[in-house]
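This report refers to the structure that appears directly beneath it.
Every chain is numbered from 1 and lettered A, B, ... according to where its sequence line falls, protein lines coming before strand lines. On a predicted model such as this, the values are computed, not experimentally measured, just so you know.
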Amino acid sequence: MRQISYSDAIREALTEELRRDEDVFLMGEDIGAYGGAFGVTRGLIDEFGAERVMDTPISEGTTAGAAIGAALEGRRPVVEFMFMDFIALAADQLLNQAAKLRYVFGEQASCPLVIRTPTGGGRCYGPTHSQSLEAWFVHVPGLKVIAPATPYDAKSLLKTAVRDPDPVLFLEHKMLYKQQGQVADDDEHDDCRGILPLGEARIAREGQDITIVAWSGMTREAEKAAEELEKSDVEAEVVDMRTLSPMDTETLLASVRKTGCVLIVQEAPRTGGVGGEISARISENIYEYLDAPVRRLASPDVPFPASPVLEERMIPDKNRIVEVAVEMLEEGI
Amino acid sequence: MDENVEYYRQMLLIRLFEQRVEQLFTEGVIRGTMHPCTGQEAVAVGVMAALSPSDYITSTHRGHGHFLARGGDPRLMMAELFGKKTGYSGGRGGSQLMGDYSLGFLGGNGITGGSIPVATGVGLSLKRRQQDAVAVCFFGDGASNQGTFHESLNMAGLWDLPVLYVCENNAYAMSTPVHQALSIENVADRAGAYGFPGVSVDGNDVSAVRKAVVEARARACRGKGPSLIECKTYRLSGHSRGDQRRYRSAEEEQKAWQQDPIRRFREKLESEGFMDPDGTDQLQHEVQQQLEQAEQFARESSFPDPDDLEKGLYATDQL
Ligand SMILES: Cc1ncc(C[n+]2csc(CCOP(=O)(O)OP(=O)(O)O)c2C)c(N)n1
Ligand SMILES: [Mg+2]
């Protein structure tokens, strides 16, 4: 298989879906000639034209709403929001409109909409350009939320998202865009090559001593931590959730049954995060398997500061994961 | 000193500040990103020249010029950009989020259109107090396509609020030319839909900007309500650090440089005898020195203590 970057993988998925289905089209700010703030859609306008790679005015609320309308009329819009922070302006359309349509209006209302947007810190972009707001949307019944950590998953899951009949939020981590990895090739004879179902977690690394649960940008840190732990003979299992909604509880529980010890790593602030939901699912279902209380590593409950020294303290990293994992294992024994 | 010379000095300060900061970003000394206001100095200086100390200002992501023209201290601004503790926001806000409430400068904004309702609310409060003061709201052509813009103008028109909506139409929102994002040609014409005056002025002419704001301010203080002032200008720099500007031609930029507000103003001042070339050089030298000191201050300042990261979120736990 070929090695490409996470952002190239996303572009490939978009390209292949745009080629496959005439109804697929893209909307977003500066996604045409400019190629998007992170260059993800670069070049697409040359192949597909300005009607299928549409630059919009800076109007996130109505862009989301217009995409919903186009989806109801049978098209498959893929919207880019430049930073996830800006999704706040579209929140009404997503949670009060898109998420409720099928449940209320039944089969007649299909809203195959994808919202792509970059999340996360690490670039000193400050309080309004660094947030990971996935928990808001995981909390909304009727929306699906994907947060891939590898080029392979980014490409495969985005293709799945585009084909999904319901609204899907697709979260891309800014610090992953340059990461290289293998991807599935397009196959003109097999439409479903490299397509992954939503709602399946991935065991990024196997181990029996402790389960580290992560998604998006934190998966890489968890894997690095696992490598580090291996040096002191600790076998950590890394579970990459990949889709946060629907959530793959089974894979999660199976891992924790095996290890008896679980650390959840989330980049978003601690309180009200997805990590809390994961923790609850474990305690509710397999409390008796736990050798130690479930622990969470997360950003503290403050806005994302701009200064590099503060940002560094903010985001959980490999070292802190190792530290907490070792602590937990010592307590558990 | 003649006030025009002072305006020139401020414009120069803004230009050189942005140039230096861009350089420091390129060198990796400053991290994150920035949005230079190169080419738009006459708007910032012209607006501030028409205001009184009791007025309030909300700014944008492209706000260094507004802040400097309002009297922001280049040392504290530079320190903020460096992420230092001595910066305006203690390193927490960075380029887009610095302010000084003692100057009535409520800060920049990371959200396009995010400050327009806030300025409207400041106007609401000022009106109740019946003070001789206005709220001034800076925003771009791109921001005028946000719902917040239209909702704010309606409210301000409805309640006759003392708010001056100052649109810096710099021909682009990031890579998108104005005509590809607006359904009409002039942002100013949108005021008509909300029942108050809108004017378009040459945003590269500091005197024209000042005059328009003086009139709008007087009107607002007479209780006649808001105005929309569209300053037509051009963003001579890229949108942000690292913008290759592939979406426009070198010819277009060269043409725009011929309208450089600073050069135009200097030529005017020299031809009218307010300044001579020696005086201009001397000013430039002074401004450069001021900026060197600002940079040195920023370099020598310490970073915030990471242990204080969680302090200051609520009033009960001040940093
Ligand atoms: C809600 C929101 N959408 C998008 C952005 C990204 N963004 C930052 S500045 C900008 C362009 C703004 O254009 P304009 O209002 O004309 O101001 P200018 O940059 O030209 O000064 C964009 C799209 C943002 N910061 N906030
Ligand atoms: Mg603009």
Side-chain angles (χ1 to χ4, degrees), chain A residues 28-39 42-43 45 50 54-65 81-83 85-90 92-93 121-131 269-271 299-315, chain B residues 30-33 61 80-85 87 89-98 109-114 140-150 172-178 180-183 239-240 243-248 302-313:
Chain A
E29 291 158 19
D30 304 278
I31 64 168
Y34 194 80
F38 294 92
R42 196 167 288 153
I45 195 170
M54 288 187 68
D55 277 329
T56 66
I58 308 173
S59 312
E60 285 84 1
T62 294
T63 300
F81 288 138
M82 206 178 278
F83 286 78
D85 314 67
F86 312 156
I87 207 169
L89 284 86
D92 171 62
Q93 291 295 327
R123 286 172 172 249
C124 299
Y125 285 164
T128 57
H129 289 66
S130 306
Q131 300 172 86
R270 181 181 199 82
T271 301
S299 287
D301 291 329
V302 288
F304 234 93
S307 177
V309 295
L310 298 179
E311 184 173 66
E312 198 184 308
R313 175 65 69 90
M314 190 80 182
I315 311 174
Chain B
I30 301 180
R31 302 207 22 219
T33 192
H61 57 288
E80 184 60 32
L81 291 165
F82 273 69
K84 297 296 178 74
K85 189 178 172 176
S89 306
R92 291 178 170 185
S95 167
Q96 304 188 70
L97 294 174
M98 39 180 143
N109 209 294
I111 300 299
T112 303
D141 45 276
S144 79
N145 296 321
Q146 287 284 28
T148 52
F149 168 83
H150 295 275
Y172 288 90
M174 208 155 161
S175 71
T176 308
V178 172
Q180 269 182 36
L182 262 79
S183 56
H239 165 71
S240 60
D243 175 3
Q244 305 295 315
R245 315 195 302 283
R246 289 198 195 91
Y247 47 84
R248 65 191 194 191
S302 47
F303 280 109
D305 183 350
D307 287 343
D308 290 337
L309 177 63
E310 294 182 57
K311 293 203 185 123
L313 187 62

**Q.** Engaged part of A:A37 at the chain B interface, taking heavy atoms whose separation is under 4.5 Å
**A.** both
Q. Tell me, side chain or backbone of A:E29 under 4.5 Å from chain B's heavy atoms, or both, or neither?
A. neither
Closest contact, heavy atoms only, [X] versus [Y]:
| X | Y | answer |
| --- | --- | --- |
| A:P57 | B:A181 | CG-O, 3.6 Å |
| B:L309 | A:P305 | CD1-CG, 3.6 Å |
| B:G110 | A:F86 | O-CE2, 4.0 Å |
| B:R31 | A:G122 | NH2-O, 3.8 Å |
| B:F303 | A:P308 | CE2-CG, 4.3 Å |
| A:P127 | B:L97 | CG-CD1, 3.5 Å |

Q) Quick one: of A:E311, A:H129, A:E60, who has the most non-hydrogen atom pairs under 4.5 Å with chain B? A) A:H129
Q) Among A:I58, A:T128, A:D55, who wins on heavy-atom pairs under 4.5 Å with chain B? A) A:I58
Q | Contacting region of B:Q244 [heavy-atom separation from chain A under 4.5 Å] | A | neither
(Q) Using heavy-atom distances under 4.5 Å, tell me whether B:D307 contacts chain A through its side chain, its backbone, both, or neither. (A) both
Q.
To the closest 0.5 Å, what do you measure between CZ (A:F304) and CZ (B:R92)?
A. 13.5 Å
Q. CG/B:D308 to CG/A:L310 distance, rounded to the nearest 0.5 angstrom?
A. 8.5 Å
Report yes if some heavy atom in the side chain of [X] is under 4.5 Å from a heavy atom in the side chain of [Y]; otherwise report no.
| X | Y | value |
| --- | --- | --- |
| B:L313 | A:P303 | yes |
| A:D301 | B:E310 | no |
| B:F82 | A:S307 | no |
| B:M174 | A:M82 | yes |
| A:D30 | B:Y247 | no |
| B:I111 | A:L89 | yes |

Q: Decide if atom CD of B:Q180 counts as having more than 12 heavy atoms of other residues, nucleotides or ligands within a radius under 6.0 Å.
A: yes
**Q.** Flag if over 12 foreign heavy atoms under 6.0 Å of NZ, B:K84
**A.** yes
Q) Does the A:S59 side chain pair with the main chain of B:N145, one donor and one acceptor, at a distance under 3.5 Å? A) yes
Do you know which of [options] has the most heavy-atom pairs with chain A at a distance under 4.5 angstrom?
| options | answer |
| --- | --- |
| B:I30, B:D243, B:D305 | B:D243 |
| B:G94, B:P304, B:S144, B:S95 | B:P304 |
| B:G83, B:S175, B:G91 | B:S175 |

